[in-house]
Amino acid sequence: MTDGDSVDEFKNDERPSDLVLALTARAEEALNAHPRTRGLTAILPRADTSPLRIALMGPYSAGKSTLIAALLRLPSAQVDELVDAAPKTHEPTSYEWNGAVLVDLPGTLSGIDGHSDAARRGVRGADALMIVTTSELPGEAETRAILQTLDADGFADRSVVVINKMNAENSDRDVILDEVRGRLGPFADRVPIVPADARDYVDAVNDPALSAAQRELLVAESGIDALRAELRRIISPGVSGVRPKAQAFEFLRVLADAERQWVLDGEELGAAETAQKVEESISRARERVLSALKRESDVVASRITTAGDRAAAGVSEKDAAFPGHVARALQEELECASTEFDARFSSSVRITFDALVAEYGTGVPEPESWVNNLGAPRTTIDGSLDDLSPLTQGVRRVTKNAVKAGGAKAQEWIGKVADGGNGPGSAASAVVERLSKNRVGQKVLDVGGKVTNGVGKFKPWGKTKAAGKVAGAAGKVQWALAVMGPLMDLTSVAQDQSKWMALNKRRKQVKDHFDEQAREQRTAHADAGERYLSEWIAEVEQSLSGLAGRGSKIKAEREAALAAIRSLRDEAEKLLRLTY
């Protein structure tokens with residue numbers, strides 16, 4: 001993995017320690033980018049092949065020094081020198097043990113702030129932990145510190161909990177163990193708990209008055225041998241197996257420190273809050289006007305579409321013309337829609353301006369008057385009736401030729417009647433319309449009186465039923481020629497159908513024209529309004545820059561730094577998931 005690469009992309013031959021150090025290089029660049037975090041680069045993880053460090057963490061007088069003496073099997077003189085009940089250890093003290101280093105940390109909860117700070121630094125530099133408590137059981141503050149160390153600090157799989165002084169009088173081993181497990185919560189099954197009594201072990205090793213049996217019993221009941229076994233197990237993967245995980249968690253702790261450096265207070269906080277308030281006010285102003293612009297643009301488009309429906313319905317059935325009075329009425333409607341858009345959009349801008357003035361005073365620039373250069377769409381329809389007449393004339397001409405061609409052509413036309421269904425505009429429907437114009441045709445259609453109630457008049461669904469009858473009967477050519485032929489002019493039927501087709505085409509043309517106008521007007525109004533709004537908002541931002549300038553700079557620096565920190569933290573967490 002090279003600088004800037006994601007840990008998802010690391011090669012199989014890359015070691016976890018290499019990945020951590022690559023992240024450190026990136027973090028160093030990010031933290032050095034600002035004086036707030038520059039000092040943290042000194043505590044970033046570095047290449048380190050020194051022996052593993054096992055830190056002893058716990059309150060003062062818990063017996064950490066005695067535990068070290070027991071693990072090292074020190075003679076009485078050295079035990080007395082090492083062990084002191086007073087909280088005298090101000091800085092971590094190291095002792096070599098089994099190829100590793102035991103680090104005696106200052107006691108926590110001693111009431112001395114420097115001790116707690118030094119202990120915290122020691123924990124952060126540790127590869128593994130001995131968490132020391134006593135048979136008196138940890139208090140709430142100590143329990144919280146232990147859980148933080150196991151969870152947030154990532155020591156759950158690199159720790160052992162030692163309950164010291166277990167052989168004291170009135171100590172019930174089972175009760176104490178159950179209580180400690182309960183306080184460890186979800187970590188009780190992950191962290192070994194070792195009951196121990198370091199003082200008994202030291203006495204067993206150094207008291208010459210003890211018999212071999214007594215010495216053996218004290219050693220066995222002291223738990224020190226079990227503690228040694230657990231510590232060896234924790235550090236058995238060696239430096240290359242344990243340290244990268246410790247460094248990855250320390251890397252996360254450094255990033256957490258960096259985030260805390262960006263917690264603002266005082267004047268900086270006030271400036272950033274002012275900048276945030278200004279940004280939010282301008283954003284609300286922009287969104288309010290944009291919402292009104294969309295709403296009113298949609299209204300204009302809807303009115304144009306509705307006008308198109310009315311225009312299409314107004315096309316004359318007689319000659320497919322677009323009547324002048326209809327065109328004038330529509331034009332007035334569209335001009336009204338455009339005028340109302342201007343008024344409502346201008347009103348929304350004015351209301352937004354007044355809100356900003358109420359918040360920031362008269363220094364807010366007044367927007368220029370809204371000028372809509374778009375105008376209302378015209379009702380002129382592309383393609384006049386004359387444009388359609390060649391089609392109509394062609395249909396008529398073909399029909400006349402078909403009739404003149406004789407019976408065979410008539411049979412072909414009647415076949416089309418049979419295949420064309422009985423819906424509105426079908427050939428069968430046209431035949432019904434023609435037959436219903438005279439008494440004889442009415443009788444042909446209305447056997448039993450179920451279809452019509454007079455010449456040219458149909459009962460509900462009567463025309464459709466009659467058309468169905470005609471379409472079905474048209475397949476019987478002899479019947480069709482004998483009954484329908486003498487009663488109607490096939491040329492007239494064809495002409496009626498062509499007129500209907502031309503009328504519908506004309507109406508669709510009109511409706512499509514208005515739909516296109518609606519889309520164009522919506523887009524044009526939205527684009528023009530957004531350009532107008534952008535120009536005004538830019539003036540507002542400029543006018544309020546003095547109020548928000550310093551805070552905006554701080555806020556921008558903070559957001560950029562936090563974004564870089566979050567990115568690094570995500571990569572470190574991925575590394576921990578991928579490698580452990």
Side-chain angles (χ1 to χ4, degrees), residues 50-110 112 115 118-119 121-123 125-136 158-169 171 192-236 239 242:
S50 63
L52 291 173
R53 294 178 287 273
I54 305 172
L56 282 78
M57 173 190 122
Y60 77 97
S61 295
K64 298 189 298 297
S65 298
T66 308
L67 281 167
I68 291 176
L71 290 169
L72 298 178
R73 298 178 64 89
L74 296 180
S76 295
Q78 294 183 27
V79 171
D80 293 340
E81 182 181 344
L82 176 64
V83 178
D84 190 330
K88 66 179 182 61
T89 306
H90 297 282
E91 293 294 335
T93 306
S94 299
Y95 303 89
E96 294 184 6
W97 172 80
N98 196 41
V101 176
L102 300 175
V103 183
D104 189 7
L105 300 179
T108 57
L109 307 177
S110 65
I112 303 175
H115 285 195
R121 289 193 300 272
V123 168
D127 298 297
L129 283 183
M130 283 174 54
I131 301 173
V132 183
T133 186
T134 70
S135 59
E136 296 176 357
R158 296 174 289 130
S159 293
V160 56
V161 172
V162 183
I163 308 174
N164 199 18
K165 304 182 182 180
M166 280 292 287
N167 293 338
E169 293 183 7
S171 294
I193 302 172
V194 178
D197 197 306
R199 173 54 63 181
D200 278 2
Y201 184 89
V202 169
D203 290 344
V205 171
N206 293 293
D207 189 347
L210 295 175
S211 66
Q214 291 172 326
R215 196 183 313 279
E216 184 178 351
L217 179 62
L218 282 176
V219 167
E221 291 182 351
S222 71
I224 297 301
D225 288 342
L227 176 59
R228 284 195 182 96
E230 288 294 346
L231 292 177
R232 290 191 183 100
R233 181 188 61 79
I234 291 173
I235 65 174
S236 61
V239 172
V242 177

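Values reported hereafter were calculated over all heavy atoms of this structure, with side chains retained and with hydrogens, waters and symmetry mates removed.
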For Arg233, the side-chain hydrogen bond (donor to acceptor under 3.5 Å, both in side chains) test, sequence neighbours excluded, returns Glu230
Straight-line distance of Ser159 OG to Ile193 CD1, nearest 0.5 Å: 12.0 Å
How long is the gap from CG on Leu102 to OH on Tyr95, to the nearest 0.5 Å? 9.5 Å
Let me confirm one number: the CG-CD1 distance from Leu129 to Ile54, rounded to the nearest 0.5 Å. 9.5 Å
Salt bridge (charged side-chain N to carboxylate O under 4.0 Å, His left out) partners of Arg158, counting only residues at least two apart: none
Who passes salt bridge (charged side-chain N to carboxylate O under 4.0 Å, His left out) against Arg232, sequence neighbours left out? none
All salt bridge (charged side-chain N to carboxylate O under 4.0 Å, His left out) counterparts of Asp127, not counting sequence neighbours: Arg243
I need the full list of salt bridge (charged side-chain N to carboxylate O under 4.0 Å, His left out) pairs touching residues 93-103, with sequence neighbours left out, sorted by first then second residue. none
From Met130 CE over to Leu56 CG, what is the distance, rounded to the nearest 0.5 angstrom? 4.0 Å
For Ser222, give me all partners under side-chain hydrogen bond (donor to acceptor under 3.5 Å, both in side chains), at least two apart in sequence or on another chain. none
Show every donor-acceptor pair shorter than 3.5 Å between a side-chain atom in residues 212-221 and any protein atom, with sequence neighbours excluded, or say none if there are none.
residue : atom : partner : partner atom : Å
Gln214  : OE1  : Ser211  : N            : 2.9
Gln214  : OE1  : Ser211  : OG           : 3.3
Arg215  : NH1  : Ala204  : O            : 2.4
Arg215  : NH1  : Asp207  : O            : 3.3
Arg215  : NH2  : Leu210  : O            : 3.1

Restricting to side-chain hydrogen bond (donor to acceptor under 3.5 Å, both in side chains), what partner residues turn up for Asp200, sequence neighbours left out? Asn167
Test Leu52 against Val101 for side-chain contact (heavy atoms from CB on, under 4.5 Å), laying out the working first. CA-CA 6 Å; Leu52 291 173; Val101 176; over 6 Å; no
Correct closest heavy-atom pair for Val79 and Leu74 would be CG2-O, 3.5 Å
Should Asn206 and Pro75 count as side-chain neighbours, where that means a heavy-atom distance under 4.5 Å? yes
Measure across Ile163 and Ser135 and return the closest heavy-atom pair with its distance rounded to 0.1 Å. CG2-N, 3.9 Å
Separation of Leu71 CG from Leu227 CG (nearest 0.5 Å): 5.0 Å
Heavy-atom closest pair (Val123 atom, Met57 atom, distance to 0.1 Å) is CG2-SD, 3.9 Å
Between the side chain of Asn164 and the main-chain N/O of Ala198, is any donor-acceptor distance below 3.5 Å? yes
Name all pairs fulfilling the side chain to side chain donor-acceptor pair (under 3.5 Å) condition that reach into residues 67-79, sequence neighbours left out, sorted by first residue then second. Arg73-Tyr201
Evaluate Leu231 against Val160 for side-chain contact (heavy atoms from CB on, under 4.5 Å), listing each step before the verdict. CA-CA 7 Å; Leu231 292 177; Val160 56; 3.7 Å; yes
Can you see which heavy atom on Ser94 is nearest to which on Val103, and at what distance? OG-CG2, 4.1 Å
Taking every heavy atom of Ala55 against every heavy atom of Ala126, the minimum-distance pair comes out as CB-CB, 3.6 Å
Closest heavy-atom pair, Val194 versus Gly223, reported as atoms and distance to 0.1 Å, is CG1-O, 3.7 Å
Are Thr93 and Asp104 close enough that a side-chain donor and a side-chain acceptor fall under 3.5 Å? no
My understanding is that only residues two or more places apart in sequence, or in another chain, count here; which of them pass side chain to side chain contact (heavy atoms under 4.5 Å, CB included) with Ala62? Pro59, Val132, Thr134
